[in-house]
Amino acid sequence: MRAAALAVYRPPRIHRGLLFLFLAATLSCCLQGLGSHAQTLPLPPNEVNALRQAATKLKIPPTLWNFSVNPCFDWLKETKSSVVSHNVVCDCNATTNVCHVVSIEVKGYNLTGVLPEEFGNLTSLFFIDLTRNYINGSIPAADWASLPLRNLSLLGNRISGAIPEEIGNITPLRSLVLENNMIQGPIPRGLGKLINIERLFLSANNFTGELPEALSRLTNLTDFRIDGTEISGKIPSWIGNWTKLRRFDMQGTSMEGPFPPEFSLLEGITELRVSDLKKSDGSFPPLEKMLGMQQLVLRNCSISGMIPDYIGNMTKLKTLYGS
Ligand SMILES: *[C@@H]1O[C@H](CO)[C@@H](O)[C@H](O)[C@H]1NC(C)=O
Ligand SMILES: *[C@@H]1O[C@H](CO)[C@@H](O)[C@H](O)[C@H]1NC(C)=O
Ligand SMILES: *[C@@H]1O[C@H](CO)[C@@H](O)[C@H](O)[C@H]1NC(C)=O
Ligand SMILES: *[C@@H]1O[C@H](CO)[C@@H](O)[C@H](O)[C@H]1NC(C)=O
Ligand SMILES: *[C@@H]1O[C@H](CO)[C@@H](O)[C@H](O)[C@H]1NC(C)=O
Ligand SMILES: *[C@@H]1O[C@H](CO)[C@@H](O)[C@H](O)[C@H]1NC(C)=O
Ligand SMILES: *[C@@H]1O[C@H](CO)[C@@H](O)[C@H](O)[C@H]1NC(C)=O
Ligand SMILES: *[C@@H]1O[C@H](CO)[C@@H](O)[C@H](O)[C@H]1NC(C)=O
Ligand SMILES: *[C@@H]1O[C@H](CO)[C@@H](O)[C@H](O)[C@H]1NC(C)=O
Ligand SMILES: *[C@@H]1O[C@H](CO)[C@@H](O)[C@H](O)[C@H]1NC(C)=O
Ligand SMILES: *[C@@H]1O[C@H](CO)[C@@H](O)[C@H](O)[C@H]1NC(C)=O
């Protein structure tokens, strides 16, 4: 079960790596030689040091990160619920006898520390999920810039400061989830360098300023959420570049209408939720090609007049809510 769940997180890059933890647990009968050897494989001291310092900064209790035992094999793996779970995963190579930390998840443990720049020393780390804690401090993006990070979630913490420009150097990122923090300032142009990004969740923060045109380069985006922020300006025409977009949420911002004609290029949208647009011209957004639409919310967007007939052709529509 766990091995299967884990496979979801592992990128093809290290597909051939062996996860001895799971092998030892599930296949110890068949892999005795390998398994017993692997269980003794230590993490390199620089990675242990980085974990130790990270534990101090994040205030992770020694019951979770117990440095008397091997982090790769002997730390608690637990999923108490969908909101509380803990897991640190290593990738160990039996030929070279080297292990690396590849994934860190500490969700819902009410941690009160600060984000550790020392994660930057875990050179194979591709997954960080610190969802629902009380972690503060700003994102040490400059220190994390050379990590092969694909998923980073800091959802529901107390992260402050601005998003550093250097976040754009973490180019492997596929999913960046910063929702529900206290991050302020403008959305940095550097985000436009994350050309592989698919999910960009920025809702419920204190962002100000306009969406920078550099974001027009994020052509792999499928899911963009920026509800409940003070971002302003017109809905940009370059948004028509986001041709793979499936979900777009922009409720409760200071953005202005109308939707630009280029919005009609986003034919794959299945969920669209926009509210509280100022200064629209009253026109209905150009949605006629979005025949796969399932959820459509246009509330308080200064739209006047009739709902267009083509809505009737959106045969998958489950929610239509507007005013
Ligand atoms: C282990 O490391 C060796 C030497 O770097 C490499 O050739 C091999 O592909 C690695 N094995 C796995 C399973 O990743
Ligand atoms: C991280 O790596 C840098 C450069 O190699 C080193 O100076 C520093 O001591 C390392 N930090 C930890 C916590 O291992
Ligand atoms: C850490 O592991 C050692 C060895 O198993 C154990 O004796 C000790 O009680 C553990 N410490 C904590 C805080 O769980
Ligand atoms: C975190 O705090 C909440 C509220 O105080 C509590 O219900 C929950 O059990 C705590 N979670 C953990 C893992 O300690
Ligand atoms: C983080 O919170 C602690 C108190 O929990 C506080 O002392 C510290 O100044 C805060 N740091 C930042 C950067 O907000
Ligand atoms: C990691 O990011 C990818 C790309 O957005 C996403 O499909 C996947 O569900 C994420 N994994 C987890 C465990 O959140
Ligand atoms: C974020 O905005 C809210 C509401 O405007 C405000 O109460 C809060 O102090 C702001 N937080 C930061 C970190 O700027
Ligand atoms: C988008 O994703 C594809 C497939 O993962 C990748 O080949 C490409 O380099 C990515 N970036 C852009 C800008 O298309
Ligand atoms: C994206 O939009 C810009 C305008 O901001 C345009 O010049 C550029 O060609 C577009 N790029 C792609 C890949 O569609
Ligand atoms: C509608 O949106 C405007 C901003 O565009 C806001 O000032 C107003 O409070 C919103 N009205 C409601 C009923 O939410
Ligand atoms: C709905 O679809 C039908 C069949 O494809 C087409 O003839 C009709 O023009 C469409 N209606 C609107 C209002 O777009």
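Counting convention: from 1, in listed order, for ligands and their atoms alike.
Hydrophobic clustering (ILVMFWY, side-chain heavy atoms < 4.5 Å, transitive): L64 and L130 are in one cluster.
With no hydrogens or angles considered, no side-chain donor-acceptor pair links N157 and N181 at under 3.5 Å. No donor-acceptor contact under 3.5 angstrom links the side chains of T270 and Q294, judged on distance only.
For ligand 4, the atoms sitting less than 4.0 Å from at least one non-hydrogen atom of Y109 are 13 (C), numbered in the order shown with element in parentheses. Annotation for ligand 3: atoms under 4.0 Å from non-hydrogen atoms of V69 are 2 (O), 4 (C), 5 (O). For ligand 4, the atoms lying closer than 4.0 Å to a non-hydrogen atom of G108 are 11 (N), 12 (C), 13 (C).
Residue-level contacts of ligand 5 at the 4.0 Å heavy-atom threshold are N136, G137.
Checking only distances, S68 never comes within under 3.5 Å of ligand 3, N or O to N or O.
Checked against the 6.0 Å centroid threshold, W242 and F263 do not count as a close aromatic pair.
In this structure, R158 fails the cation-pi test against Y134, since its NZ or CZ atom is not both closer than 6.0 Å to the six-membered ring centre and inside 45 degrees of the ring normal.
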>> Pair C90, C72 - check disulfide bond (SG atoms under 2.5 Å apart), show working.
In response: CA-CA 5 Å; C90 299; C72 293; 2.2 Å; yes
> Given the rule in the side chain to side chain donor-acceptor pair (under 3.5 Å) test, do Q295 and T319 qualify, once you have shown the distances and angles that lead to the verdict?
Replying inline: CA-CA 5 Å; Q295 312 273 338; T319 305; 2.9 Å; yes
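Under the 4.5 Å side-chain criterion, counting only non-hydrogen atoms from C-beta, L218 is not in contact with F224.
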